[in-house]
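What follows is one structure encoded as structure tokens, with my remarks underneath.
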Amino acid sequence: MEEIRFADLIEKQAQRYGERCFITCSLTGQKVSYTQLDRFVKEQSEQLRRLGVERGDKVLLFMDNSVEFAVLYFAVTGCGAVAVPANTLLKEKELLYLLKDAQVRAVITEPLYWEILRGSAGDLVETVHETAPFGREIQVLLLKECQEDENAPCSQREDTAMLLYTSGTTGNPKGVILSYANLLAKAEHIQEAHGLTQEDVCLCVLPWFHINGLVITLITPLYSGGQIVIGGKFSVSRFWKDIENYRVTWFSGVPTMYSHLLAKGIPEDRDYSSLRFARSASSPLPVSVLERFESICQVPVIESYGITEGCSQITTNPMPPRARKSGSVGLPFGNRIKIVDNEGRELPCGQVGEVLMQGDNITCGYYHKEEETKKAFSGDWFHSGDLGYQDEDGYLFLDGRIKELINRAGEKFPPREVDEILYQMEGVELAAVAGVPDAVYGEEVAAFIKKKDGAVLDARMVQEFCKDKIASYKVPRKVYFLDDLPKGGNGKIQRLKLVERYKKGEFE
């Protein structure tokens, strides 16, 4: 692929599409054409340079999806700096870790988050600059120079566009180094896989501080010459209004979103005939949820699989008329994958092992974490930490995370098997199964459930339902009903958080 950066791509698209709309914000009514995007990005890049942001500096963006976020993200890279989008749900201690680990030079934020920034970065702040590029207040905080740890040499590459931190379900989050070549290669793969054109309109409801939202619903539409509609934080009622009002042709969601949409009921008075496909990623979509959504909406749901270290999508089910397989996350597009056992030997189709991947979208490693980088690679094959198998047609089926495997008295199985059963129950809106400590069996099976409004469910009903469908050792012995389940910024249910809360005695 030709070596280009975002600024080059934006200028090229501005010349090609001119005053055609690129961004619409359904919350504010703002519209930005390709020509305006090019001009705004250049203006803001120059503004950041004047404030003291230099090539190679890390700039943390602590903002919700907005026109400002899009422009400033591209402006950061436009002045040669490295963008570090951060989860706006982070607390002060977590944010301080990110600022120090990424050696952040500047922070861009909005009024909603000024207080938490003052609490976490107060002692690090050198100067504060206020600006209102589009009539909304934005702050740029310049931080004091971070002292690099001599034992943690900088591994940033010249063409690094972004550091994006993993969720950190085990240990501290790690900064994934992503280059322009990685990100633009992935945009090309996604465009090809989904057949995206300049006629497509994407609804953005996933946060841009997560790889799924950022690459799938911001960078890829820019690459393909399409249009995006910023829908704000996910709201069931606003979701359908935006699809109707803006004639949305596709959106990218996560399994919990589909469960909420079904639980609230698909509105019969909304016109969503413009949709040509829906997309699901970040965690496996229960087959029963996929099938119910498709049957009601008559829209194909394209289930995909991606990781931060691969700039999002690794595999995806093909678009119709090619075969989509329920329960599968599809075929590699622009990647090679293989399944290996504990010794690194490649396994034949049908056998479960770790998913390894290779491609021009794969990271070179983690920022100043050489040991973790070495452990993550076998040659140029990246270890995903995910379990799965390929069928005879090459379709990938995931079985969960290696660290999430339940081990009950020596019987090991992925929790997703039980999740699938629970989602078949009429009164279940969200469900997650995890292995919790047990003095007799080592681990016991626990189910955590959010019921649909008005549903009547108890532990005995759940256990009886499962007994007829799965082996006895997989049946949840502990069942807890919660008001909601903990989710990360990407909407993925966090099983390990549930285990942590169980260990603290929150559910007894």
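In what follows, every heavy atom counts, from backbone to side chain, and hydrogens, waters and symmetry copies are set aside.
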Are Phe251 and Phe239 close enough that their ring centres sit under 6.0 Å apart? yes
Apply side chain to side chain contact (heavy atoms under 4.5 Å, CB included) to the pair Thr249 and Leu203, showing each step before the final yes or no. CA-CA 8 Å; Thr249 62; Leu203 178 61; over 6 Å; no
Mutual orientation of the aromatic rings belonging to Phe62 and Tyr113 [parallel < 30°, tilted 30-60°, perpendicular > 60°]: perpendicular
Does Arg408 form a side chain to side chain contact (heavy atoms under 4.5 Å, CB included) with Arg477? I'd like the steps, not just the answer. CA-CA 11 Å; Arg408 185 182 188 273; Arg477 265 48 175 199; 3.8 Å; yes
Cation over ring, Lys174 on Tyr367, under 6.0 Å and within 45°? no
Can you confirm if the NZ or CZ of Lys469 lies within 45° of the ring axis of Phe465 and under 6.0 Å from the centre of its six-membered ring? yes
Below 30° counts as parallel, above 60° as perpendicular, anything between as tilted: where do the rings of Tyr165 and Tyr97 land? perpendicular
Could you check whether any side-chain N or O of Ser312 sits under 3.5 Å from a backbone N or O of Gly306, counting only pairs where one atom can act as donor and the other as acceptor? no
Just do the side chain to side chain contact (heavy atoms under 4.5 Å, CB included) check on Leu398 and Leu387 with the steps written out, would you? CA-CA 6 Å; Leu398 293 178; Leu387 292 169; over 6 Å; no
Go through the steps to decide whether Lys338 and Trp381 satisfy the test side chain to side chain contact (heavy atoms under 4.5 Å, CB included), and finish with yes or no. CA-CA 9 Å; Lys338 65 179 179 179; Trp381 287 93; 3.6 Å; yes
Quick check: does any side chain N or O of Gln463 sit under 3.5 Å from a backbone N or O of Pro476, one acting as donor and the other as acceptor? yes
Using side chain to side chain donor-acceptor pair (under 3.5 Å) as the criterion, list what pairs up with Thr256, not counting sequence neighbours. none
Donor-acceptor pair, Glu303 side chain versus Leu285 backbone, under 3.5 Å? yes
Looking at Ala323, is its backbone amide N or carbonyl O close enough to the side chain of Tyr395 to form a donor-acceptor pair, meaning the two atoms are under 3.5 Å apart? yes
Closest non-hydrogen contact found for Tyr366 with Glu309 is OH-OE2, 2.7 Å
Hey, would you say the Phe448 and Phe507 ring centroids sit under 6.0 Å apart? yes
Is any side-chain N of the basic residue among Arg495 and Glu404 closer than 4.0 Å to the acidic one's carboxylate O? yes
With a 3.5 Å cut-off and no angle check, do the side chains of His194 and Gln313 form a donor-acceptor pair? yes
Just checking Asp483: does its CG atom have more than 12 heavy atoms from other residues, nucleotides or ligands closer to it than 6.0 angstrom? no
Determine, stepwise, if the pair Asp271 / Ser273 fulfils side chain to side chain donor-acceptor pair (under 3.5 Å). CA-CA 6 Å; Asp271 177 9; Ser273 60; 2.7 Å; yes
Does Ser120 use its side chain to pair, donor to acceptor, with the backbone of Leu96 at less than 3.5 Å? no
Quick check against the 3.5 Å criterion: does Ser384 have a side-chain atom that pairs as donor or acceptor with the backbone of Val355? yes
I'd like to know whether the aromatic ring centres of Tyr73 and Trp208 sit less than 6.0 Å apart in this structure. no
Quick check: does any side chain N or O of Thr220 sit under 3.5 Å from a backbone N or O of Thr217, one acting as donor and the other as acceptor? no
Just by modelled atom types, is the Val287 backbone N or O under 3.5 Å from a matching donor or acceptor in the Ser326 side chain? no
Return the orientation label for the Tyr389 and Phe397 ring planes: parallel under 30°, perpendicular over 60°, tilted otherwise. parallel
